[in-house]
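What follows is one structure encoded as structure tokens, with my remarks underneath.
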Amino acid sequence: MKKIYIPFLLCGLLLISATSCDDVLETKLDDEIRSEQAITDLISLKSAVVGLYDKMQSGTYYGGEFILAQELTGGIADATGFQERFSQLDKAIVPTSNTYIQNNWVDVYALVNASNLILSQMEELNLVDNDSKGNALFFRALGHFDALRQFGEFTKPNSKFGIPVSTQFLDAKTALLLPRSSVAASYQQIINDLTLAQTLLKNNANRFLVSKTVVEALLARVYLYKGDYDNAILYATKVISNSSYQLNARYNDIYDTEGSGEAIFELQFLGIDGNSLTEFLSISPPEVSANFNSYFKPMSMDNDPRANLYYNSGKVVFVEKYGSRDSEIDANAIIIKLSEIYLIRAEALARKNQTDLTTALIDLNVVRARALPAKPILLTDVPDFDSFVTILLSERARELGFEGHRWFDVVRLNKAQTILGIDTFRNVYPIPQNEITVSKGMIEQNPGY
């Protein structure tokens, strides 16, 4: 499917509208117009659901730059090529004109709007299919969540600076009328969608499709970010208790074997429709590389096998999680895996009981022991909660590095100023200025920008 990059979000939302948005949208989205007309029965409905996975594969979403952006802004990646957008992210000083945020804003809302189209067509045509509806609800929630944790004050439950929440298919006219919701309202819609999706979906062994367990895993993550630690523990435990999932014997197995026992949800790429990750990571010099001093060197000095997925050339550290050549484009994006769920529960347990970290360390060490069995974290290593946070951040970076988590971890654990030395208002990306402009004031910019 052709990729169409449009400079304005509200116009990006107009996935199937043939009208223009203040003459900004000049390209009629013929692919999407055909998609709308094609949803006529259950077979075409299922085909439309497959299209949601395709939207996630965008080169500026889970197919590439969304993953890299969080590692750059979070400080474990370096911009070592010639792309201005990556250099800006690397400094964690992101202007409102940054092309990554412009494109990814369009990506997340394209996913939301495509999900809304499916849901509206199901209602209009009286199509009943729990799996299709569950998928659409999941992807709508994921799109909103990815928008919130990048562009909203997601750690401030009382903030008015959430995101535009869209539960109806938007056309050229209605897209202009969508204001920002509060952070609390944004979270509530995400949770409502996931809660309903959980009742509609079944479990299955296919790690490349959304299932009930995938929804439970995302709920654990959402509740952790929201600060609802009881529910984060509840849903993490549901996943951990599911015997269909288990940690692989070796950390690197999940990258060598598609759909392994540890994978909860992988976004599958094929050679004919590959990812863009090695395009940036595996050229010489790479556009994005792993930071040596604060990231790769400590792993290497520990003889941590997780460092084996990186290659130190003496000049830069290449990331080889997705391949070692730019022609390798069929590696999957790991959206959710079991080791993350253990670390989610560890963090939630620690947040609930900051004076007794015993149970939190048990979960953290389940993950750590696979890589460093002779070097567990002891209670004496974490005399206080702040010490635990330092170790948790390190463990999450090693375990989840270059999978799209670091920036959110640093902000969520209140370490952005200490680690990155940035102003507090930069804990969130700005809304792209072109979105502010085209909304004619309906969307308010984040404070400080």
Side-chain angles (χ1 to χ4, degrees), residues 1-5 31 35 46-72 77 83 86 100 103-104 106-108 110-111 114-115 135-136 138-139 142-143 145-146 204-211 213-214 217-218 245 248 251-283 286-290 309-311 318-340 399-405:
M1 179 178 177
K2 66 181 180 183
K3 302 291 190 284
I4 302 172
Y5 298 96
D31 289 11
S35 295
K46 290 181 181 296
S47 296
V49 170
V50 172
L52 299 177
Y53 293 81
D54 182 70
K55 295 213 175 292
M56 282 186 69
Q57 291 179 325
S58 165
T60 45
Y61 204 4
Y62 284 100
E65 294 189 32
F66 172 81
I67 292 172
L68 302 179
Q70 317 319 325
E71 315 309 281
L72 284 163
Q83 301 295 330
F86 292 153
Y100 161 72
N103 288 328
N104 187 257
V106 172
D107 284 335
V108 295
L111 182 62
S115 301
N135 268 268
F138 172 85
F139 284 116
L142 179 65
F145 183 53
D146 289 341
N204 61 64
N206 191 327
R207 303 308 207 247
F208 313 126
L209 298 176
V210 174
S211 67
T213 302
V214 173
L218 185 57
Y245 302 86
N248 295 328
Y251 171 76
N252 294 354
D253 286 350
I254 196 169
Y255 307 102
D256 296 333
T257 305
E258 290 191 347
S260 69
E262 184 171 345
I264 296 173
F265 181 33
E266 295 185 15
L267 185 62
Q268 190 175 34
F269 289 91
L270 304 173
I272 57 174
D273 189 20
N275 69 61
S276 300
L277 289 159
T278 52
E279 172 187 336
F280 301 117
L281 298 172
S282 301
I283 59 174
E287 293 291 348
V288 177
S289 62
L309 291 170
Y310 305 86
Y311 168 67
F318 287 85
V319 180
E320 297 187 340
K321 274 192 170 185
Y322 303 97
S324 58
R325 299 186 302 275
D326 60 357
S327 59
E328 298 178 61
I329 59 174
D330 59 350
N332 296 343
I334 310 298
I335 309 301
I336 310 176
K337 61 184 182 182
L338 187 59
S339 58
E340 182 198 350
E399 190 71 23
L400 308 174
F402 289 85
E403 294 176 18
H405 297 273

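Count residues from 1 along the sequence.
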Problem set entry | Within-4.5 Å side-chain heavy-atom neighbours: Glu279 and Ile329 | no
For this session: Report yes if the distance between the aromatic ring centroids of Phe86 and Tyr100 is under 6.0 Å, otherwise no.
Result: no
Exercise. Between Glu266 and Gly259, is there a donor-acceptor pair closer than 3.5 Å when you use the side chain of the first and the backbone of the second?
Worked result: yes
For this session: Taking all non-hydrogen atoms of both residues into account, name the closest pair between Asp330 and Leu270 and its distance.
Result: CB-C, 4.0 Å
Exercise. Is the closest side-chain heavy-atom distance between Leu218 and Ile335 below 4.5 Å?
Worked result: no
For this session: I would like to know whether Tyr62 and Asp107 meet side chain to side chain contact (heavy atoms under 4.5 Å, CB included); could you show each step before the answer?
Result: CA-CA 10 Å; Tyr62 284 100; Asp107 284 335; over 6 Å; no
Problem set entry | Tyr255 and Glu320, any side-chain heavy atoms less than 4.5 Å apart | no
Exercise. How far apart are the C-alpha atoms of Arg325 and Thr278, what are their side-chain angles, what is the distance that settles it, and do they pass the side chain to side chain contact (heavy atoms under 4.5 Å, CB included) test?
Worked result: CA-CA 7 Å; Arg325 299 186 302 275; Thr278 52; over 6 Å; no
For this session: List the steps, then state whether side chain to side chain contact (heavy atoms under 4.5 Å, CB included) holds for Phe269 with Leu277.
Result: CA-CA 11 Å; Phe269 289 91; Leu277 289 159; over 6 Å; no
Problem set entry | Tyr311, OH atom: more than 12 neighbouring heavy atoms under 6.0 Å | no
Problem set entry | Polar side-chain atom of Asn332 near backbone of Ile334 as donor-acceptor pair, under 3.5 Å | no
Problem set entry | Under 3.5 Å side-chain donor-acceptor pair for Ser276 and Glu65 | no
Problem set entry | Any donor-acceptor N/O pair, Tyr61 side chain to Val108 backbone, under 3.5 Å | no
For this session: Quick one: do Leu68 and Glu71 satisfy side chain to side chain contact (heavy atoms under 4.5 Å, CB included)? Show the steps, please.
Result: CA-CA 5 Å; Leu68 302 179; Glu71 315 309 281; 5.6 Å; no
